[in-house]
Amino acid sequence: MLPSISVNSPVQGNGALNSRDAARHTAGAKRYKYLRRLFRFRQMDFEFAAWQMLYLFTSPQRVYRNFHYRKQTKDQWARDDPAFLVLLSIWLCVSTIGFGFVLDMGFFETIKLLLWVVFIDCVGVGLLISTLMWFISNKYLVKRQSRDYDVEWGYAFDVHLNAFYPLLVILHFIQLFFINHVILTDTFIGYFVGNTLWLVAVGYYIYVTFLGYSAGWKIFLPVLGSMQTFQRPMHQSLQAWH
């Protein structure tokens, strides 16, 4: 099933949403509910968010399976719990501080790097990629039997966050153990290790993004259905890397 919402569910007898359900299922209402919970830490499920972060490395299919369950129970694909975003923000801060410490950066340089990573690498690029994929999905990738289905922009942004987290850990945590004594040595080994880590990180981003949009590939256009064959060797390669 494609990550989409139906504007006709739940329905009245004539097939139209009643006013109360229509208001509850609008993007604005879901966004308000999400932002309202952003400052209520006791209502966040941090344990489940940590579970998602773990399985984004070991078995990302299980994470997207949970998105499907959310669609069945709450009638939306996008996260309604900001716990994942909060933990990701903590990871951004901690990893950037570690990056600045390893590279012997000053306080203001570290803050500058943190602002760049948060607002450019994560949010800025995420908004661009999510909006682009949201537009392409709705315009070209959905088999539209009617105009009642639409890919959620929030889900597109969740896919970006899912893909960005492994990239962040590889480049801002694992790479720190090699950066001074291997990567910055200006040798073949240094170039090889540095480029390999970037290749794995970007490969992870592409793979997790692909999983997000291929969760319901049977109702994509037929050409995307045939692309499913590329998923297996990529998944096997990533597992072998671990």
Side-chain angles (χ1 to χ4, degrees), residues 3 49-64 66-67 78-79 82-103 105 110 112-134 136-137 153-180 182-184 190-215 227 230-231 233-242:
W51 176 89
Q52 289 182 319
M53 288 182 167
L54 173 64
Y55 278 96
L56 281 172
F57 277 99
T58 59
S59 181
Q61 298 95 332
R62 296 186 63 177
V63 177
Y64 286 113
N66 174 260
F67 278 82
R79 289 187 178 97
F84 186 92
L85 181 61
V86 172
L87 290 184
L88 179 62
S89 301
I90 295 175
W91 257 106
L92 283 170
C93 294
V94 172
S95 63
T96 303
I97 292 174
F99 210 89
F101 177 78
V102 171
L103 294 181
M105 300 171 61
T110 303
K112 187 177 180 179
L113 176 62
L114 175 61
L115 294 177
W116 179 274
V117 171
V118 172
F119 293 104
I120 302 299
D121 292 344
C122 182
V123 178
V125 175
L127 292 176
L128 179 63
I129 294 177
S130 301
T131 302
L132 179 63
M133 294 302 298
W134 169 77
I136 293 176
S137 299
W153 185 90
Y155 176 80
F157 191 70
D158 279 340
V159 171
H160 162 71
L161 294 181
N162 290 343
F164 183 80
Y165 172 70
L167 181 145
L168 172 71
V169 173
I170 293 172
L171 297 182
H172 276 228
F173 179 69
I174 297 177
Q175 186 176 224
L176 295 183
F177 296 95
F178 303 94
I179 195 166
N180 278 333
V182 179
I183 296 177
L184 297 181
Y191 291 131
F192 177 78
V193 172
N195 290 331
T196 299
L197 288 174
W198 270 92
L199 177 63
V200 172
V202 174
Y204 245 119
Y205 185 92
I206 295 174
Y207 173 64
V208 175
T209 300
F210 178 75
L211 282 180
Y213 290 99
S214 65
M227 290 177 61
F230 293 99
Q231 178 178 334
M234 185 180 296
H235 177 60
Q236 293 173 356
S237 299
L238 290 174
Q239 285 186 326
W241 182 75
H242 283 288

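Note that the coordinates shown come from a computational prediction; the quantities given were computed from them, not determined experimentally.
Taking each heavy atom of G212 and Y155 in turn, the nearest pair found is O-OH, 2.7 Å. Nearest heavy atoms, G154 versus A78: C-CB, 3.6 Å. When every heavy atom of P60 is checked against every heavy atom of L211, the shortest pair comes out as CG-CD1, 3.4 Å. For the pair H160 and V125, the tightest heavy-atom approach, listed with the atom from each and the gap, is CE1-C, 4.5 Å. Residues L197 and L171 share a closest heavy-atom pair of O-CD2, 4.0 Å.
Ring-centre distance between F210 and Y207: not below the 6.0 Å cut-off.
For W51, the CH2 atom sits in a packed shell: over 12 heavy atoms of surrounding residues, nucleotides or ligands are nearer than 6.0 Å. Open room surrounds CH2 on W134; 12 or fewer heavy atoms of other groups in view lie less than 6.0 Å from it.
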Quiz item: Does the pair V208 and Y64 meet the rule for a side chain to side chain contact (heavy atoms under 4.5 Å, CB included), with working shown?
Solution: CA-CA 9 Å; V208 175; Y64 286 113; 3.4 Å; yes

Quiz item: Given the rule in the side chain to side chain contact (heavy atoms under 4.5 Å, CB included) test, do W153 and L127 qualify, once you have shown the distances and angles that lead to the verdict?
Solution: CA-CA 10 Å; W153 185 90; L127 292 176; 3.5 Å; yes

Quiz item: What do the steps show when you test F57 against V169 for side chain to side chain contact (heavy atoms under 4.5 Å, CB included), and what is the final call?
Solution: CA-CA 10 Å; F57 277 99; V169 173; 3.5 Å; yes

Practice problem: Show the numbers, then the answer: is there a side chain to side chain contact (heavy atoms under 4.5 Å, CB included) between M105 and T96? | Solution: CA-CA 11 Å; M105 300 171 61; T96 303; over 6 Å; no

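Annotation: the span from F67 atom CZ to R79 atom CZ amounts to 4.0 Å, rounded to 0.5 Å. The distance from the CD1 atom of I174 to the OG atom of S95 is 12.0 Å, given to the nearest 0.5 Å. Distance check, rounded to the nearest 0.5 Å: OH of Y204 to OG1 of T209 gives 13.0 Å. To the nearest 0.5 angstrom, F178 atom CZ is 10.5 Å from T196 atom OG1. With rounding to the nearest 0.5 angstrom, the CG atom of L128 is 11.5 Å from the CE atom of M133.
Each of T110, L184, L176 was evaluated against L103; a single residue qualifies, L184, per the side chain to side chain contact (heavy atoms under 4.5 Å, CB included) test. A side chain to side chain contact (heavy atoms under 4.5 Å, CB included) with C122 holds for exactly one of L161, L167, L168; it is L161.
Listed by chain and residue number, F84, L87, L88, W91, Y165 satisfy the side chain to side chain contact (heavy atoms under 4.5 Å, CB included) test with M53 (two or more places apart in sequence, or in another chain). In this structure, the side chain to side chain contact (heavy atoms under 4.5 Å, CB included) partners of N195, at least two apart in sequence or on a different chain, are Y191.
Between V159 and S130 there is no side-chain heavy-atom pair separated by less than 4.5 Å. Side-chain contact between F164 and L92 is present, with heavy atoms from C-beta onward closer than 4.5 Å.
Listed by first and then second residue, the side-chain hydrogen bond (donor to acceptor under 3.5 Å, both in side chains) pairs that reach into residues 171-180 come to none, sequence neighbours excluded.
Aromatic ring orientation, F177 versus F173: perpendicular (interplanar angle above 60°, classes split at 30° and 60°).
In this structure a side-chain-to-backbone donor-acceptor pair under 3.5 Å is present from S89 to L85.
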